[in-house]
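Report on one structure; see the data block that follows.
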There are 2 protein chains.
Amino acid sequence: MKSRENLIPIYYRLADDIKQQIESGELKHGDLIPTEAQLGEKYGISRMTVRQGIGLLTEAGLIETVKGKGSFVTRPQLNQLVIDLKRTGAGNVVLKYKLLEVKLVRDKPDFISELGFAGNSKVIGVKRLVYKDDRPAAIEEKYLLYQKGSPLLETQLEYADFPELVAKHQDSVPVRNDMVISVDALSPEQAKLLETEQDMPALVIKQVIFSNEDKPLGISLMVCHKDRFTIQATSYPLSRRL
Amino acid sequence: MKSRENLIPIYYRLADDIKQQIESGELKHGDLIPTEAQLGEKYGISRMTVRQGIGLLTEAGLIETVKGKGSFVTRPQLNQLVIDLKRTGAGNVVLKYKLLEVKLVRDKPDFISELGFAGNSKVIGVKRLVYKDDRPAAIEEKYLLYQKGSPLLETQLEYADFPELVAKHQDSVPVRNDMVISVDALSPEQAKLLETEQDMPALVIKQVIFSNEDKPLGISLMVCHKDRFTIQATSYPLSRRL
DNA sequence: TAGTGGTCTAGACCACGCC
DNA sequence: GCGTGGTCTAGACCACTAC
């Protein structure tokens, strides 16, 4: 039985109904939702269509299904937060960049060599100053495997965004980005670049991009002025369809 | 045609095949993958089964499908990183807690009142010291709507984890957790509690938990010792099935 | 008009959990 | 053995895109 009165698909309505019951507290964590057969009966739809609705709820993390038992309401999963780097720090503000240094790295600092770039491979280092509202907001250092014939300088200026840059620069396909956020005090040199005082606290964001073979393709290190960069995250990313 | 030789479902194999083609660079961002009919032909399976495989790829963010046109390979989405709070800072180390203060908040600090707890509602404030390896690692302040008959002190001690605590404490169902990560220097009082020096840089993690009606249910503020807490995130969370 | 993906059906057999 | 979810079929009609 199709309900052509509604523009939205039935399975979506089914999922939304159950979502409401969960978010209103009617269904609590650990409860079983009705079986697929029961839901099919209730909505007058076939089982495959019910399963489509169930799938949406599973994707959204609201329920978990166990073969042979049923679908259980999960406890609210607010511990997994999503950072959207494109929004972080910048907001809608346009960032500007000033190139400070480009070099072939020979004596690799610890944090690079320990990451296992292949021993003899050449590594390019790029240092930039990031401006926000015409004030220096962060110092950015990037390290990439040297790739013949890749016009680094151009791509550098073109792409603000580290993962995207790596994708353009490398032949290998980047598939993972790991990040560590920590804190440190500014060195005298860093303070000078950021036009602030030595020992000021700063946000340190380190990113490592990996290939599908789990080899590092690039490292990014950002040292951010404490008042000009914050990181935002939410458990409810826009990508959720429900 | 079912292939019963394999234990894994056919649609999963289909998805994995295409995933490999994407991650190896064989299929590039913007490329069209074969149509559902073609894939059904190639694997000897029905269209609904093909669609199940396509669905996995869509979930994983590797492709995007457009009605009437086809499914396109997306550019690598490494900008959306997932923080798993349960792993952050703590690792597998057991944290200990020391209760410093419990009070009914009357003169609400700005960061609370601006968040729009209902005007006259009572707010409970709890302050704890978090120990890691028997050393003070963070100062944690929580603010919750007062809920009659809710044994706050007990739940406080039981739940390390803020979202979970809110879920237990409130009748309303928490559905969203927003987080802001920033940096600040320790005040003399904070430094004393963390057994370190004044003006040391510290990681500041602020969380606000919202109900399904978008009303704040709780606020958490953590001030973390720079050497004892870091935040980790990855674009490749374990939840991904592909 | 032809080709594509989106929704939906009414079955089937299977693997798993429980009694 | 029975009920549950997991996989899969072979169709159908629809909406959208492109020509």
Side-chain angles (χ1 to χ4, degrees), chain A residues 1-19 22 27 30-74 239-242, chain B residues 1-19 22 27 30-74 239-242:
Chain A
M1 183 203 294
K2 302 181 186 182
S3 74
R4 287 276 163 249
E5 318 113 32
N6 303 330
L7 297 163
I8 57 171
I10 304 185
Y11 70 87
Y12 192 94
R13 201 171 112 64
L14 179 150
D16 203 52
D17 285 353
I18 294 178
K19 182 195 172 203
I22 292 172
L27 283 170
D31 288 354
L32 272 170
I33 69 171
T35 67
E36 295 177 355
Q38 287 168 347
L39 288 170
E41 181 73 18
K42 176 177 175 188
Y43 288 87
I45 59 182
S46 82
R47 200 183 140 217
M48 282 307 286
T49 307
V50 171
R51 283 179 61 74
Q52 220 169 331
I54 300 280
L56 287 181
L57 294 165
T58 306
E59 256 184 78
L62 292 171
I63 65 173
E64 273 171 9
T65 78
V66 181
K67 193 194 290 192
K69 297 177 79 173
S71 291
F72 298 85
V73 177
T74 56
S239 60
R240 281 205 187 177
R241 277 174 266 174
L242 205 57
Chain B
M1 181 203 295
K2 303 180 185 181
S3 75
R4 287 276 162 250
E5 318 110 36
N6 302 330
L7 298 161
I8 56 171
I10 304 185
Y11 70 87
Y12 192 93
R13 200 170 113 65
L14 179 151
D16 203 52
D17 285 353
I18 294 178
K19 182 196 172 202
I22 292 173
L27 284 170
D31 287 355
L32 272 170
I33 69 171
T35 68
E36 295 177 354
Q38 288 168 345
L39 288 170
E41 181 73 18
K42 174 177 175 187
Y43 287 87
I45 59 183
S46 81
R47 200 182 141 218
M48 283 306 288
T49 306
V50 172
R51 283 179 61 73
Q52 220 168 331
I54 300 280
L56 287 181
L57 293 165
T58 306
E59 256 184 79
L62 293 171
I63 64 172
E64 274 171 8
T65 78
V66 181
K67 194 195 288 193
K69 297 178 78 172
S71 292
F72 298 86
V73 177
T74 56
S239 60
R240 283 206 185 173
R241 277 175 267 173
L242 205 55

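Lettering of chains follows the sequences in order, A, B, ..., and the numbering in each one begins at 1. Below, all heavy atoms of this structure are taken into account, side chains as well, without hydrogens, waters or symmetry copies. Just so you know, these numbers come straight off a predicted model, no measurement behind them.
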Rounding to an integer number of Å, can you tell me how far A:L39 CG sits from C:dC8 C1'? 16 Å

Measure from the side chain of B:T65, starting at C-beta and using heavy atoms only, and say which of D:dG5, D:dG11, C:dG6 lies closest. C:dG6

Contact nearer the 5' end of DNA chain C, comparing A:M48 with B:S71: B:S71

Separation of C:dG5 atom P from B:I63 atom CD1, nearest Å, is 10 Å

Spacing of A:R47 atom CZ relative to D:dC8 atom P, expressed in whole Å: 13 Å

Calculate the interatomic distance between A:Q38 atom CD and D:dG5 atom P; express it in whole Å. 8 Å

Can you give me the closest heavy-atom contact between B:G53 and B:A15, atom names plus distance? O-CB, 3.6 Å

What's the shortest heavy-atom distance between B:L39 and B:P34, and which atoms? CD1-O, 3.7 Å

What does B:T49 touch in the nucleic acid at a heavy-atom separation under 4.0 angstrom: a base, only the sugar-phosphate, or nothing? base

B:F72 atom CZ is separated from C:dT4 atom C1', nearest whole Å, by 10 Å

Using whole Å, report how far CG of B:L57 lies from P of C:dG5. 13 Å

On a heavy-atom basis, the closest approach of A:I63 and A:T74 is C-CG2, 3.6 Å

Without decimals, in angstroms, what is the distance between A:L14 CG and C:dT7 C1'? 14 Å

B:Q52 side-chain N/O to D:dT7 phosphate OP1/OP2 under 4.0 Å: yes

Select one nucleotide: of C:dT9, D:dG6, C:dG5, the one nearest the side-chain heavy atoms of B:R51. C:dG5

Compare the minimum distances between each of C:dG5, C:dT7, D:dA10 and the side chain of B:S46, then state the nucleotide with the smallest one. D:dA10

Considering only heavy side-chain atoms of A:K67, the closest of D:dC8, D:dA10, C:dC16 is C:dC16

For A:Y11 and C:dT7, is the shortest distance between a side-chain N/O and OP1 or OP2 below 4.0 Å? yes

A:L62 and A:K19: which non-hydrogen atoms are nearest, and at how many Å? CD1-CG, 3.6 Å

Distance check, rounded to the nearest 0.5 Å: A:I45 atom CD1 versus A:I10 atom CD1? 5.5 Å

Let's see if you can work this out: which of C:dG5, D:dA10, C:dG17 has an atom nearest to the side-chain heavy atoms of A:K69? C:dG17

Let me know the distance between CD1 of A:I33 and C1' of D:dG5, rounded to the nearest Å. 11 Å

